[in-house]
Engineer: 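Can you read through this structure? Questions will come right after.
Atom set for the values below is all heavy atoms of this structure, side chains included, hydrogens, waters and symmetry mates excluded. Along the sequence shown, residues carry numbers from 1.
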Amino acid sequence: MSANAYGQIVRDGLWNNNVGLVQLLGLCPLLAVSATVVNGLALGLATLLTLVASNLAVSLIRNIVRPEVRIPVFVLIIASIVTAIELAMNAWFHQLYLILGIFIPLIVTNCSILGRAEAFASRNKPLAAALDGFMMGLGFALLLVVLGALRELLGQGTLLAQAHLMLGEWGRGLTLTVLDDYRGFLLAVLPPGAFIGLGLLLALKNSIDKRLAARAARAPAAEPEAGPEAAPGQA
């Protein structure tokens with residue numbers, strides 16, 4: 001696979017084919033958990049780790065699994081990885097595990113994970129499959145963090161509240177009180193606020209894409225204006 005192909009995987013995962021902004025998959029945990037930056041980051045990292053591990057495992061066994069049973073095998077691999085992550089979070093990040101609750105095991109049902117395993121990992125070599133899983137997971141995690149920051153800021157006037165649940169006691173000092181004496185905006189932390197926030201981010205992405213497309217369309221027309229250098233004897 002060429003360097004351009006790897007670059008395309010990066011661009012697709014982060015922007016062109018972002019799991020949340022373009023494919024609109026995994027919206028249930030995205031909307032339910034993204035009330036704060038820490039919650040969004042925790043679920044995003046768990047999803048990213050699942051995508052990388054499942055893509056890599058599927059790519060490694062793609063030549064020894066019969067096509068008739070590939071989907072059940074892929075689901076079994078994904079469920080095993082998610083179970084391991086759930087047990088690890090319960091052991092090392094118990095308070096955060098309790099907050100995220102059912103949405104950690106529900107990563108198994110995230111259509112994007114099975115979709116990447118079937119559409120990409122089962123047809124490509126391990127390095128490309130792992131990179132695809134990482135970039136898709138990173139794009140999804142960044143969306144969770146941005147949406148979590150937007151909702152936390154509007155809902156509580158803070159950023160990185162309860163960071164100690166993920167980073168330990170030193171994380172308590174990371175909490176930023178952006179709006180002093182802020183009484184909060186309840187709608188932002190409720191599910192309707194998540195829908196509105198995601199809609200604003202979708203509109204922002206579409207607006208940026210249209211500007212980039214318009215700029216790209218103008219670029220070829222601008223080149224002839226500079227004009228080629230006159231050939232000798234034509235001045």
Side-chain angles (χ1 to χ4, degrees), residues 13-14 18-20 25-61 73-117 121 126-127 129-153 155-156 158-177 189 191 194:
L14 293 179
N18 185 284
V19 172
L25 296 176
L27 295 187
C28 177
L30 186 148
L31 297 173
V33 171
S34 60
T36 67
V37 174
V38 173
N39 290 357
L41 179 61
L43 185 65
L45 291 177
T47 306
L48 186 154
L49 185 58
T50 304
L51 269 165
V52 173
S54 62
N55 268 18
L56 182 59
V58 167
S59 179
L60 288 172
I61 66 168
V73 172
F74 294 168
V75 172
L76 183 62
I77 291 173
I78 295 169
S80 301
I81 293 170
V82 171
T83 300
I85 292 173
E86 181 187 8
L87 293 174
M89 288 193 68
N90 191 12
W92 293 324
F93 306 98
H94 185 66
Q95 293 299 321
L96 192 58
Y97 168 80
L98 294 178
I99 292 175
L100 296 180
I102 190 64
F103 293 103
I104 292 297
L106 278 181
I107 292 175
V108 177
T109 65
N110 191 322
C111 299
S112 65
I113 298 175
L114 182 58
R116 299 317 298 175
L127 179 58
L131 179 62
D132 177 76
F134 180 80
M135 299 315 303
M136 286 291 170
L138 182 60
F140 187 66
L142 289 176
L143 176 61
L144 276 165
V145 170
V146 172
L147 184 58
L150 179 65
R151 294 180 64 191
E152 183 179 343
L153 182 60
Q156 306 175 33
T158 63
L159 288 173
L160 292 171
Q162 296 184 323
H164 64 283
L165 298 180
M166 177 181 291
L167 305 174
E169 288 303 315
W170 73 273
R172 294 182 184 276
L174 297 178
T175 301
L176 300 175
T177 302
V189 297

Engineer: Just to verify, what does Ala149 make a side-chain contact (heavy atoms from CB on, under 4.5 Å) with, not counting sequence neighbours?
Structural biologist: Val37, Leu159
Engineer: Work out which heavy atom in Leu147 is nearest to a heavy atom in Ser34; give both atom names and the distance.
Structural biologist: CD2-OG, 3.4 Å
Engineer: Sequence neighbours excluded and cut-off under 3.5 Å, please list the side-chain donor-acceptor pairs for residues 135-144, or say none.
Structural biologist:
none

Engineer: Measure the spacing between OG of Ser54 and CD1 of Ile78 and express it to the nearest 0.5 Å.
Structural biologist: 5.0 Å
Engineer: Can you run down the side chain to side chain donor-acceptor pair (under 3.5 Å) pairs that involve residues 132-146, sequence neighbours left out, and say none if there aren't any?
Structural biologist: Asn55-Asp132, Arg116-Asp132
Engineer: Measure the OG1-CG distance between Thr109 and Leu25 for me, rounded to the nearest 0.5 Å.
Structural biologist: 11.0 Å
Engineer: Show every donor-acceptor pair shorter than 3.5 Å between a side-chain atom in residues 40-47 and any protein atom, with sequence neighbours excluded, or say none if there are none.
Structural biologist:
| residue | atom | partner | partner atom | Å |
| --- | --- | --- | --- | --- |
| Thr47 | OG1 | Leu43 | O | 2.8 |

Engineer: Would you please name every residue forming a side-chain hydrogen bond (donor to acceptor under 3.5 Å, both in side chains) with Ser59, sequence neighbours left out?
Structural biologist: Arg62
Engineer: Can you name the closest pair of heavy atoms from Ala117 and Phe74 and give their distance?
Structural biologist: O-CE1, 4.1 Å
Engineer: Table please: side-chain donor-acceptor pairs of residues 160-172 below 3.5 Å, with sequence neighbours left out.
Structural biologist:
| residue | atom | partner | partner atom | Å |
| --- | --- | --- | --- | --- |
| Glu169 | OE1 | Arg172 | NE | 2.7 |
| Trp170 | NE1 | Leu167 | O | 2.6 |

Engineer: Do Leu106 and Asn110 make a side-chain contact, defined as non-hydrogen atoms from C-beta onward lying under 4.5 Å apart?
Structural biologist: no
Engineer: Please report the shortest heavy-atom distance between Arg151 and Ala35, naming the atom on each side.
Structural biologist: NH1-N, 3.6 Å
Engineer: Report yes if some heavy atom in the side chain of Phe134 is under 4.5 Å from a heavy atom in the side chain of Leu48; otherwise report no.
Structural biologist: yes
Engineer: Going by side-chain contact (heavy atoms from CB on, under 4.5 Å), name the residues that satisfy it together with Leu49, two or more places apart in sequence or in a different chain.
Structural biologist: Ile85
Engineer: With sequence neighbours excluded, what pairs up with Thr36 under the side-chain contact (heavy atoms from CB on, under 4.5 Å) test?
Structural biologist: Val38, Asn39, Glu152, Gln156
Engineer: Using the side chain to side chain donor-acceptor pair (under 3.5 Å) rule, collect all pairs that involve residues 79-91, keeping only residues at least two apart or in two chains.
Structural biologist: Glu86-Tyr97, Asn90-His94
Engineer: Minimum heavy-atom separation for Ala79 and Val108, please, with both atom names.
Structural biologist: CA-CG2, 3.9 Å
Engineer: How many angstroms lie between atom OG1 of Thr158 and atom CG of Leu153, to the nearest 0.5 angstrom?
Structural biologist: 8.0 Å
